Number of protein chains: 2
Amino acid sequence: MNSKTRAAQLDDVSKAIIEQLQEDGRRSYAEIGKAVGLSEAAVRQRVQKLTEAGVMQVVAVTDPMQLGFYRQAMIGLRCSGDTRAIADKLAALEAVDYVVLTAGSFDIMAEVVCESDEDLINLLNEQIRKLEGVVSTETFVYLKLHKQLYNWGTR
Amino acid sequence: MNSKTRAAQLDDVSKAIIEQLQEDGRRSYAEIGKAVGLSEAAVRQRVQKLTEAGVMQVVAVTDPMQLGFYRQAMIGLRCSGDTRAIADKLAALEAVDYVVLTAGSFDIMAEVVCESDEDLINLLNEQIRKLEGVVSTETFVYLKLHKQLYNWGTR
DNA sequence: GGATAAAACTACGAATTCCTCAGAAAACCC
DNA sequence: GGGTTTTCTGAGGAATTCGTAGTTTTATCC
């Protein structure tokens, strides 16, 4: 039973808790409790359950630009053979932070984070395009990140 | 002076703090202090500064699948005119959680989160493809999310 | 429908953490 | 060197979290 693929229907209270933590991941259980109408302990239990179930996790997210990674790109890959195996190898690369199997003119899309154009070129030629089964790639260099949200699931 | 675009070089201690919070965004300041060799108050001050500077934020991230959004896709857009204006309009759509201006055969790439195929079709036809300046779109439906990381910036 | 089991919630004391502030140390700038 | 700013530490009190026990609610089974 893979609980990661099926939706456990969340009630409004759990959604409200998630919303609170999407605004501020360090907000206190007590404060969240006040906002959603639950005791502190109940909020704590729910957060623990939601986290264990993989529905939600509280983490720090950073801005690549501010950390010296000046070049980001989305790479579309056309492949032969088993795309899952290729996706595994892509996922193992340090510079790759996002990999998804897709339907369409690309079989896989991967987002990469690099320190410079040179790193990106190296990554592409030395690592990605040498993978067996990768037929061709198309690179979309990021000019400007315009929107990035983490708060779906509560609308 | 837009501090959001230039990297303020982080020292190793701040990077270590970020790593701690990437593992668990609710870890206590005292515990982080022990791990990085700083007092609890100093950790708190640094976290506050990092957050205010936009280098990092601690938030809850959720799994769309577990929340009933069964259809995700990346949409590549070819546009005429000012792509920034179009990106703004895309960003304003609820179902759109990620918008980036790119160089390459697409001018904009947008990730969307929908509850069903029908929602996706509606979104595409009623909202996105009706936007002025959108010449053509290509949709890459997600088959399987393979990797999703939030811990660049510390490698 | 009633008994039983499981799950979710509340309450509360103890332990821990957070917040504020004052002062020390370090870094920086003429 | 003197002055200024920034960063850090330590300490006390306030607030939060944790663990646990007991209660209520919900679900299950016959």
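Just the heavy atoms: all of them, side chains too, but no hydrogens, waters or symmetry mates, feed the values below. Residue numbers begin at 1 in each chain, while the letters A, B, ... track the order of the sequences. Please read all numbers here as calculations on a predicted model, not as lab measurements.
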Quiz item: Given atom CG of A:D12 and atom P of C:dA8, what is their separation to the nearest angstrom?
Solution: 16 Å

Quiz item: Can you check the A:K34 NZ to C:dC9 P distance for me, whole Å?
Solution: 19 Å

Quiz prompt | Atom-to-atom span, CD1 of A:I32 to C1' of D:dT16 - whole angstrom | solution = 12 Å

Quiz item: Rounded to whole angstrom units, what separation is found between the CD atom of B:Q48 and the C1' atom of C:dC19?
Solution: 11 Å

Quiz item: Mapping B:R26 and B:A42 onto DNA chain D by nearest heavy atom, which one lands closer to the 5' end?
Solution: B:A42

Self-check item: Contact nearer the 5' end of DNA chain D, comparing A:Q45 with B:A41
Solution: B:A41

Quiz item: Which atom pair, heavy atoms only, marks the closest approach of A:T51 to A:V47?
Solution: OG1-O, 2.7 Å

Quiz item: C:dA7 phosphate, OP1 or OP2: any side-chain N/O from A:K49 under 4.0 angstrom?
Solution: no

Exercise. Can you run down the salt bridge (Lys or Arg N to Asp or Glu O under 4.0 Å) pairs that involve residues 128-143 of chain B, sequence neighbours left out, and say none if there aren't any?
Key: B:R78-B:E138, B:E126-B:K130

Practice problem: For B:Q66 and A:L50, indicate whether the former's side chain and the latter's backbone hold a donor-acceptor pair under 3.5 Å. | Solution: no

Quiz item: Do any side-chain nitrogens or oxygens of B:R44 fall under 4.0 Å of OP1 or OP2 in C:dC19?
Solution: yes

Quiz item: Between C:dC18, C:dC12, D:dT9, which nucleotide has the shortest distance from any of its atoms to the side chain of B:E40?
Solution: C:dC18

Practice problem: Output yes when at least one side-chain N/O atom of A:R27 is less than 4.0 Å from OP1 or OP2 of D:dT16, else no. | Solution: no

Exercise. State whether B:Y29 and B:R46 meet the cation-pi test: NZ (Lys) or CZ (Arg) under 6.0 Å from the six-membered ring centroid, and within 45° of the perpendicular axis.
Key: no

Quiz item: To the nearest Å, how far apart are B:E31 CD and D:dT17 P?
Solution: 15 Å

Quiz item: Over how many whole Å does the gap from A:L38 atom CG to C:dC9 atom P extend?
Solution: 5 Å

Quiz item: Which nucleotide sits closest to the side chain of B:R46: D:dT17, C:dC19, D:dT7?
Solution: D:dT7

Self-check item: N or O in side chain of B:S28 less than 4.0 angstrom from C:dT17 OP1/OP2
Solution: yes

Exercise. Just say parallel, tilted or perpendicular for the rings of A:F140 and A:F106, cut-offs at 30° and 60°.
Key: perpendicular

Quiz item: OH of B:Y29 versus C1' of D:dA15: gap in Å, rounded?
Solution: 14 Å

Quiz item: Whole Å only: how far is the CG atom of B:D11 from the P atom of C:dA26?
Solution: 16 Å

